[in-house]
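Contents: one structure, followed by commentary.
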Amino acid sequence: MGLKASSSLLCLAILLGVSSIVSSVNITRALEKYPEFSTMTELFAKTELTPIINKRQTLTVLALSNDAIGSISGRPEEELKNILMNHVVLDYYDELKLKALKDKSTLLTTLYQSTGLGQQQNGFLNCSKSNGKIYFGSAVKGAPQTAEYITTVFRNPYNLSVVQISMPIVAPGLGAPVQVPPPPPMSSPPAPSPKKAAAPGPAEEEVYADAPAGAAPETAPASAPSEDGSPAPAPENAGKKKMAAADEAEPPTSASNTGLSFGAVLVLGFVASFAGF
């Protein structure tokens with residue numbers, strides 16, 4: 001019996017040890033697969049916050065990308081440490097839990113508040129909802145709520161959650177505030193495409209079908225010149241000129257009339273002599 005009891009206790013101790021290892025918080029391991037948060041991991045180590053964070057059983061880290069954290073990374077080490085502690089919430093929140101919050105504003109306790117240095121609620125954060133979006137900010141009265149929730153990067157339910165926010169939260173009394181980054185510039189609309197020339201109609205295609213390149217379309221043929229080099233008259237003018245020519249013709253002369261009368265007398269005389277015989 002004693003052997004069985006000791007074996008059971010040993011198994012229980014092993015199980016408890018394994019479960020504590022599995023459920024322990026390790027912020028470095030949680031972020032090592034996400035190079036876009038490498039600067040925050042380095043600053044946790046530089047300010048000696050990594051072992052303090054890893055001793056906790058339940059945490060939510062408000063993570064900043066390398067670009068977003070650049071606005072505070074060059075500050076004095078003690079100031080930077082206090083600011084980073086204000087990004088470690090002593091409770092578990094992921095996307096589902098944040099969206100399920102019914103209150104318009106929820107008070108969150110941070111690691112900085114646990115140091116006993118917090119004044120006028122600068123160790124607390126407000127989590128608020130507006131127009132379907134979630135924002136974080138210092139709980140100090142009048143402090144801006146401008147750090148927007150982006151996504152949940154990592155979660156180990158009820159132990160560790162890493163939630164990305166858009167900008168650092170600097171509570172009053174912990175350093176100079178960070179200005180909200182301006183929105184990205186609007187891209188100019190694309191230029192309209194040039195209009196295509198209208199295709200020629202069937203009549204135009206027939207006119208230009210056999211014409212050589214660059215030749216102008218043929219016009220109606222001009223009137224052919226007359227033999228003497230003067231332009232040919234129009235049809236109406238030509239008819240008028242013919243009538244004028246007929247009117248201008250000379251009448252028969254008196255000599256031609258006398259010749260005709262003499263011939264008629266000779267014919268009559270010949271007929272009369274033929275009748276006497």
Side-chain angles (χ1 to χ4, degrees), residues 20-21 23-31 37 39-64 68-94 97-98 101 103-129 134-149 152-180:
S20 64
I21 293 173
S23 62
S24 65
V25 170
N26 191 318
I27 188 60
T28 303
R29 190 176 301 168
L31 290 178
F37 300 102
T39 302
M40 193 167 197
T41 304
E42 294 170 2
L43 293 179
F44 278 149
K46 178 182 177 181
T47 56
E48 299 179 351
L49 285 175
T50 301
I52 297 173
I53 292 172
N54 290 343
K55 285 180 182 179
R56 295 280 177 170
Q57 292 298 315
T58 303
L59 289 176
T60 298
V61 175
L62 305 182
L64 297 163
I69 205 171
S71 59
I72 62 171
S73 60
R75 300 195 180 192
E77 188 170 323
E78 189 64 25
E79 179 182 336
L80 180 60
K81 182 177 182 178
N82 293 336
I83 294 173
L84 290 177
M85 282 194 289
N86 236 13
H87 288 72
V88 181
V89 178
L90 303 182
D91 201 350
Y92 178 86
Y93 290 93
D94 57 10
K97 189 174 180 180
L98 288 171
L101 293 175
D103 298 334
K104 292 184 178 180
S105 181
T106 304
L107 193 66
L108 310 177
T109 305
T110 70
L111 185 61
Y112 179 72
Q113 181 65 24
S114 69
T115 64
L117 301 174
Q119 297 179 359
Q120 298 180 351
Q121 290 192 312
N122 63 1
F124 296 92
L125 298 179
N126 268 334
C127 176
S128 58
K129 293 182 178 180
I134 302 171
Y135 295 92
F136 296 89
S138 173
V140 176
K141 186 177 181 180
Q145 310 291 303
T146 51
E148 183 181 348
Y149 167 81
T152 298
V153 178
F154 174 89
R155 63 177 185 168
N156 182 10
Y158 307 107
N159 290 110
L160 175 63
S161 174
V162 179
V163 170
Q164 183 182 2
I165 59 176
S166 61
M167 62 177 291
I169 302 169
V170 182
L174 298 185
V178 178
Q179 300 297 323
V180 180

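Nothing fancy with the numbering, it's 1 onward along the sequence.
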Please tabulate, for the side chains in residues 76-85, all donor-acceptor contacts under 3.5 angstrom to protein atoms that are two or more places apart in sequence or on a different chain.
{"residue": "Glu79", "atom": "OE2", "partner": "Arg75", "partner atom": "NH1", "Å": "3.0"}
{"residue": "Asn82", "atom": "ND2", "partner": "Glu78", "partner atom": "O", "Å": "3.4"}

Any non-hydrogen side-chain atom of Tyr112 less than 4.5 Å from a side-chain atom of Leu174? yes
Side-chain heavy-atom pair Phe124, Thr109 within 4.5 angstrom cut-off: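 Phe124 reaches Thr109 side chain to side chain.
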[X]: what forms a side chain to side chain donor-acceptor pair (under 3.5 Å) with it, not counting sequence neighbours?
X      : answer
Thr110 : Asn86
Thr47  : none
Tyr93  : none

Which salt bridge (charged side-chain N to carboxylate O under 4.0 Å, His left out) pairs, counting each pair once, include a residue from residues 83-92, with sequence neighbours left out?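 For residues 83-92, and leaving out neighbouring residues, the salt bridge (charged side-chain N to carboxylate O under 4.0 Å, His left out) pairs sorted by first residue read Asp91-Lys97.
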Salt bridge (charged side-chain N to carboxylate O under 4.0 Å, His left out) contacts in which one or both residues fall within residues 152-172, not counting sequence neighbours: Asp94-Arg155
Sorted by chain and residue number, the ring pair (Phe, Tyr, Trp, His ring centres under 6.0 Å) partners of Tyr92 (sequence neighbours excluded) come out as Tyr158
Pairing residues for Glu148 by the side-chain contact (heavy atoms from CB on, under 4.5 Å) criterion, not counting sequence neighbours: Lys133, Tyr135, Ser166
For Thr50, side-chain contact (heavy atoms from CB on, under 4.5 Å) partners two or more places apart: Ile27, Thr28, Phe44, Ala45, Asn54
Got a sec, which residues hit salt bridge (Lys or Arg N to Asp or Glu O under 4.0 Å) with Lys46, two or more places apart in sequence or on another chain?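 None.
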Mark yes or no for whether Asn159, through its side chain, and Gln57, through its backbone, hold a donor-acceptor pair below 3.5 Å. yes
Hey, does the side chain of His87 reach the backbone of Ile169 with a donor-acceptor pair shorter than 3.5 angstrom?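 Yes, His87 side chain to Ile169 backbone: donor-acceptor pair under 3.5 Å.
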Between CG on residue Leu62 and OG on residue Ser161, distance to nearest 0.5 Å: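 Going from CG on Leu62 over to OG on Ser161, the span is 9.0 Å.
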Restricting to pairs with a member in residues 113-125, which pass side-chain hydrogen bond (donor to acceptor under 3.5 Å, both in side chains), not counting sequence neighbours?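 For residues 113-125, and leaving out neighbouring residues, there are no side-chain hydrogen bond (donor to acceptor under 3.5 Å, both in side chains) pairs at all.
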